[in-house]
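The shown structure was predicted, so the numbers you read here are calculated from the model rather than taken from an experiment. Note that ligands are numbered from 1 as they come in the structure, with each ligand's atoms numbered from 1 the same way.
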Amino acid sequence: MKTYRVAVLAGDGIGPELVRATIPILRLASHLYGFELIFEEALVGGTAIEATGKALPPETLEICKRSQAIFFGAVGGKQWENLPPEKQPERAALLPLRKTFSLFANIRPVYCYPELLDASPLKPEIASGVDLIIVRELTGGIYFGQPKGKIYTEQGERAIDTLVYETSEIERVSIIAFEIALRRKKILTLVDKANVLESSVLWRKTVKEISKNYPDVQLNFLYVDNAAMQMVLRPSQFDVLLCENLFGDILSDEAAGIAGSLGLLASASIGSTKFGLYEPAGGSAPDIAGKNIANPIAQILSGALMFEYSFHEEAAAQAIKTAVGDVLKEGYRTLDIAKGSSRYCSTEEFADKVAQKLEENFKKQK
Ligand SMILES: NC(=O)C1=CN([C@@H]2O[C@H](COP(=O)(O)OP(=O)(O)OC[C@H]3O[C@@H](n4cnc5c(N)ncnc54)[C@H](O)[C@@H]3O)[C@@H](O)[C@H]2O)C=CC1
Ligand SMILES: CC(C)CC(=O)C(=O)O
Ligand SMILES: [Mg+2]
């Protein structure tokens, strides 16, 4: 039987409760669709700092290296905000993981479920039909550029971040975005700030060059400020959005808000091999952690993305997506997306419903 090893890094805040609720769904899908998953848990983030003094302990990295994918929860929280920046969970664990495994493309599908139109802050006729993918460059740009840091001058403190991109970094993520667009509505929008930023000028030039290999894909350009506005005015115009690291980070939270909750937004971080890291686009949500109320959909759909991108188990991936949609159709909702007539569920209850539906759908199909 095909076997895949998965490093499970639950992390902080809502990470552990979401991962705990999701693993049985992934296990069940693997049994139904005829492959085996070997999960190996490892510490990461603030939880790892408490246990070992390091946000990304060497043992965790070893476990990731001997796996075919990382299934990630979230990291960070108030407890670790006063540590030196380079020791904090986000900068000492998540960013190094992305960089170490060269996971340069972050894929974030945004879908407004028809059943959830009432959870969107936008009018139903505007949120309706939103089905887009944000492809965010993940290992370059201002999050990683050097020099970075703080120095003391006669005027006081000076903080420096550097926005830098090489042509090759733009090319490799653009190819992924064009390939995704080819399989969809074939509209790719590059989001940049080419009227001001030199790096954005390079993005435009490079993406135009790559587009010559994809004559069937319509390439559009949009400045990021306008893109942020278009996202709320007419989000259904978008198919695939290609963004540098920071713009993609910001626009994807905005897009999640339009769909109804950050708890709906899954993500796949991939590179040029089958290895990938799969995590919700949101963070550790300290405001709701430990209450069994977080929405597990983003975590569950991140599992489906792992099946699709790292294992090529498309049938199992599709079955999970269908099960989530079916549970929503029956009216079940976690608190973040609940409205008047919905059937309220805790994190665990919602995940149980998805597992039941997965099994039920599989039996029907036989
Ligand atoms: N990938 C990661 O590990 C990320 C970590 N972070 C870290 O997370 C911590 C909290 O950051 P915030 O800015 O508050 O962002 P956040 O993404 O954790 O939360 C933003 C808002 O979305 C809600 N939310 C997020 N996920 C949800 C879910 N599954 N169900 C229902 N509601 C959900 C939260 O309750 C909160 O109101 C910080 O330490 C931050 O650095 C932030 C983003 C990504
Ligand atoms: C540490 C941050 C870059 C995480 C984040 O906000 C994200 O990946 O969306
Ligand atoms: Mg973010």
[atom1] ([X]) with more than 12 external heavy atoms under 6.0 Å:
X	atom1	value
K99	NZ	yes
R234	CZ	no
E348	CD	no

Quick one: are the ring centres of F362 and Y33 less than 6.0 Å apart? yes
Between F35 and Y4 (judged by ring centroids, cut-off 6.0 Å), do the two rings come close enough to count as a pair? yes
Considering both backbone and side-chain atoms of D249, is one of its nitrogen or oxygen atoms within less than 3.5 Å of a nitrogen or oxygen in ligand 2? yes
Using heavy atoms and a threshold below 4.0 Å, how should the contact between [X] and ligand 1 be classified: side chain, backbone, both, or neither?
X	value
E81	neither
P286	side chain
I14	side chain
L94	side chain
I288	side chain

[X] side, atom [atom1]; [Y] side, atom [atom2] - distance, nearest 0.5 Å:
X	Y	atom1	atom2	value
I70	L97	CD1	CG	5.0 Å
F221	Y223	CZ	OH	10.0 Å
S269	F275	OG	CZ	10.5 Å

Could you confirm whether D253 has any N/O/S atom lying under 2.8 Å from the Mg ion (ligand 3)? no
Under 4.0 Å to a heavy atom of G77 - the qualifying atoms of ligand 1, by number: 39 (O)
As an exercise, identify every atom of ligand 1 less than 4.0 angstrom from a heavy atom of A285. 18 (O), 25 (C), 34 (C), 35 (O)
Identify which of S284, A281, A289 has a heavy atom lying nearest to atom 9 (C) of ligand 1. S284
Taking atom 44 (C) of ligand 1 as the point of reference, which of G283, A294, S269 owns the nearest heavy atom? G283
Shortest protein heavy-atom distance from [atom], along with the residue and atom involved:
atom	value
atom 41 (O) of ligand 1	E90 OE2, 2.4 Å
atom 28 (C) of ligand 1	G263 CA, 3.5 Å
atom 35 (O) of ligand 1	D287 OD1, 2.8 Å
atom 29 (N) of ligand 1	N295 O, 3.0 Å
atom 20 (C) of ligand 1	L262 CD2, 3.9 Å
atom 1 (N) of ligand 1	E279 OE1, 2.9 Å

Establish whether atom 11 (O) of ligand 1 and some protein heavy atom are separated by less than 4.0 angstrom. no
What residue among I320, V327, D326 forms side chain to side chain contact (heavy atoms under 4.5 Å, CB included) with L358? I320
What orientation do F178 and Y214 show, parallel under 30°, tilted 30 to 60°, or perpendicular over 60°? parallel
Would you mind checking if K186 and D216 are paired as a salt bridge, meaning a charged N to carboxylate O distance below 4.0 Å? no
Ligand 1 contacted by A298 (non-hydrogen, < 4.0 Å): no
Is E279 close enough to touch ligand 2? Criterion: a residue heavy atom under 4.0 Å from a ligand atom. no
Residue-ligand contact R108/ligand 2, heavy atom below 4.0 Å: yes
